[in-house]
Amino acid sequence: MPVMTCTKKALVGLVAFAAQASAFWRLPCSSPVVVERADPIVDEGRVSSHCHTVMGSNAFNFTMDYDLTQKATCSTCKVVEDLSSYWVPNLYYHAENGSFIDVKQSGGALIYYLQRTDEKDPNPDEGLIAFPKDFRMIAGSMTNRNNSDSLEQRAVSFACLGHDGPATPELPNQNCPNGLRTQLIFPSCWDGVNLDSPDHKSHMAYPSGVDTGFCPQSHPKRFITIFYEVTWSVDDFKDMWYGGKQPFVFSSGDPTGYGYHGDFVNGWDIPTLQKGINECTDASGVVEKCGAFTFREDDTMQACKTLPRVDEAVSGVLPALPGCNPLQSGPDPALPQTGCGAPTEIGDPVLPFTDVSTRLGWGYVACAKDPAGQTRTLDQYSADEHDMTVDKCVGICGDRGFAYAGVEFGSQCFCGGDAGVAPDRMPANGTMGQCAMPCAGDAGQVCGGAALVGVYKKCESAKDCKNVDMTGL
Ligand SMILES: *[C@@H]1O[C@H](CO)[C@@H](O)[C@H](O)[C@H]1NC(C)=O
Ligand SMILES: *[C@@H]1O[C@H](CO)[C@@H](O)[C@H](O)[C@H]1NC(C)=O
Ligand SMILES: *[C@@H]1O[C@H](CO)[C@@H](O)[C@H](O)[C@H]1NC(C)=O
Ligand SMILES: *[C@@H]1O[C@H](CO)[C@@H](O)[C@H](O)[C@H]1NC(C)=O
């Protein structure tokens with residue numbers, strides 16, 4: 001996970017003005033749980049205006065409350081007791097011909113939990129408190145397009161990795177060889193009453209130094225400070241700059257970066273979070289040193305996914321940003337746009353595999369592990385064809401009398417007998433795996449992944465052939 005390497009040094013750079021000893025921990029989140037136009041805070045119960053990359057629990061949905069977070073079966077983040085959701089707009093490259101291409105995220109995110117207390121504490125008795133049930137908030141302002149130097153604006157910054165120099169308040173106008181890191185500090189002062197507010201902000205306030213300093217009297221309670229880092233592989237586009245300015249835009253149609261923002265829905269086990277706040281004070285920030293928490297395996301984090309429900313492409317080469325998001329570069333605030341013909345309906349979950357159940361009589365079993373250098377997960381027969389598809393693979397295995405067929409790495413097909421998939425090759429409990437590679441013979445079909453095999457089982461009859469049910473995950 002490259003995201004793990006840009007850690008303490010960078011944080012110290014950003015918050016070098018912190019006066020007190022700064023205990024903190026870093027919560028690694030391995031990859032997005034979903035990338036789609038959903039935002040259960042700002043656009044509750046409907047398709048969101050723009051696309052987000054979402055980290056955290058697989059209970060993420062268009063409407064959320066604390067009880068729903070607790071029904072999650074996995075999270076892309078490291079701590080088992082945390083079923084929160086963390087999301088930000090995703091980044092696109094804007095090509096000279098007008099197309100948009102998604103910029104790859106290096107890993108998922110690092111969420112810093114910083115034990116910043118009031119330097120001039122009006123409530124010395126209480127100290128830092130954990131987020132309550134049903135607590136949610138947003139940071140940053142999606143319509144903003146200029147640098148106001150307000151506390152809220154100073155909470156947004158961009159680190160150009162591989163270049164010296166301070167983080168900038170806007171998208172940097174130079175290539176970042178080691179990635180562009182988007183950084184967002186959330187407000188930590190609470191009014192002590194409201195779990196949310198109409199603008200999703202006013203129940204919270206920044207302390208005087210954004211993450212340090214003291215809280216205003218209107219918001220006297222102090223939460224632990226959360227800070228998001230997400231890193232984007234902008235170097236993939238280093239030879240594709242044109243017109244003398246940086247070519248990246250956020251999904252909200254923001255080419256400046258001033259409108260970068262993020263959202264948080266609390267899904268922590270609250271006594272455990274409070275214990276972590278009180279006890280996890282190692283200055284290294286290494287979360288594994290916290291005795292208060294237990295930890296997920298990396299492959300469980302990576303295999304944790306939520307099915308998207310908006311029927312549109314959000315990656316690859318796109319003619320426009322998902323939703324109605326023409327570029328608005330300011331300096332006046334961006335105006336919301338509608339009526340461009342983008343989908344507005346929440347649809348059925350988009351399956352992460354090619355469904356051939358009724359058409360060919362093979363049901364999807366799982367995205368199984370197939371580690372390199374070990375006996376194949378399906379080891380009776382194999383083929384590697386430049387025109388591989390799921391249809392072709394189940395045909396190859398079916399013709400030879402095998403009960404199992406598996407597609408892998410785009411072009412490979414493996415067949416297996418009645419024994420099926422060994423339990424230790426199945427995806428981690430509660431996860432659906434991350435098979436997402438297009439088939440060599442038809443990019444519209446899914447053919448496993450790297451060391452991941454998309455497994456199908458022949459049904460008795462096509463009429464009642466069923467795929468594994470993933471909607472409960
Ligand atoms: C997620 O949201 C969709 C659309 O609103 C809804 O149909 C579905 O039941 C929700 N899932 C859960 C687990 O709440
Ligand atoms: C536009 O340019 C991008 C980047 O060079 C390229 O990938 C894409 O195919 C082009 N799109 C069209 C419609 O020509
Ligand atoms: C700068 O942005 C703020 C907040 O979005 C807005 O109120 C203000 O009008 C903008 N300034 C200019 C010069 O457009
Ligand atoms: C997965 O869950 C099932 C059912 O709850 C359980 O029987 C099995 O032992 C679990 N496997 C692992 C590896 O935890």
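All ligand and atom numbering here is 1-based and tracks the order in the structure. Just so it is clear, the structure is predicted and the values come from calculations on it, not from any experiment. We number each residue from 1, following the sequence as shown.
Side-chain contact, S252 with D254: no donor N or O sits under 3.5 Å from an acceptor N or O. A donor atom on one side chain and an acceptor atom on the other are not found under 3.5 Å apart for D102 and S315. Side-chain contact check for T212 and R116: no donor-acceptor pair (N or O, by modelled atom type) lies under 3.5 Å.
Shown here is D384, whose CG atom has more than 12 heavy atoms of other residues, nucleotides or ligands within 6.0 Å.
Note on ring orientation: taking the six-membered ring where Trp is involved, the planes of F60 and W87 are perpendicular (angle over 60°, cut-offs 30° and 60°).
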When you pair each N or O of ligand 1 with protein N or O atoms, which pairs come out under 3.5 Å?
{"residue": "ligand 1", "atom": "2 (O)", "partner": "N61", "partner atom": "OD1", "Å": "2.8"}
{"residue": "ligand 1", "atom": "2 (O)", "partner": "N61", "partner atom": "ND2", "Å": "2.6"}
{"residue": "ligand 1", "atom": "11 (N)", "partner": "N61", "partner atom": "ND2", "Å": "2.7"}

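By the 4.0 Å heavy-atom criterion, M240 is counted among the residues contacting ligand 2.
When the SG-SG distance for C465 and C459 is compared with the 2.5 Å cut-off, it comes out below that value. Cysteine sulfur proximity is satisfied for C367 and C435, their SG distance being under 2.5 angstrom.
An N or O contact shorter than 3.5 Å is missing between T143 and ligand 3 by distance. In terms of polar-atom proximity, P333 is not counted as a contact of ligand 3, lacking any N or O under 3.5 Å from an N or O of the ligand. On a distance-only criterion, D332 and ligand 3 share at least one N/O pair closer than 3.5 Å. Annotation: Y93 places no N or O atom under 3.5 Å from an N or O atom of ligand 2; distance criterion only.
With sequence neighbours excluded, no residue forms a salt bridge (Lys or Arg N to Asp or Glu O under 4.0 Å) with R296.
Atoms of ligand 3 found under 4.0 Å from any heavy atom of N146, numbered from 1 in the order shown, are 1 (C), 2 (O), 3 (C), 8 (C), 10 (C), 11 (N), 12 (C), 14 (O).
A ring pair (Phe, Tyr, Trp, His ring centres under 6.0 Å) with F223 is found for one member of F186, F131, Y113 and no other, namely F131.
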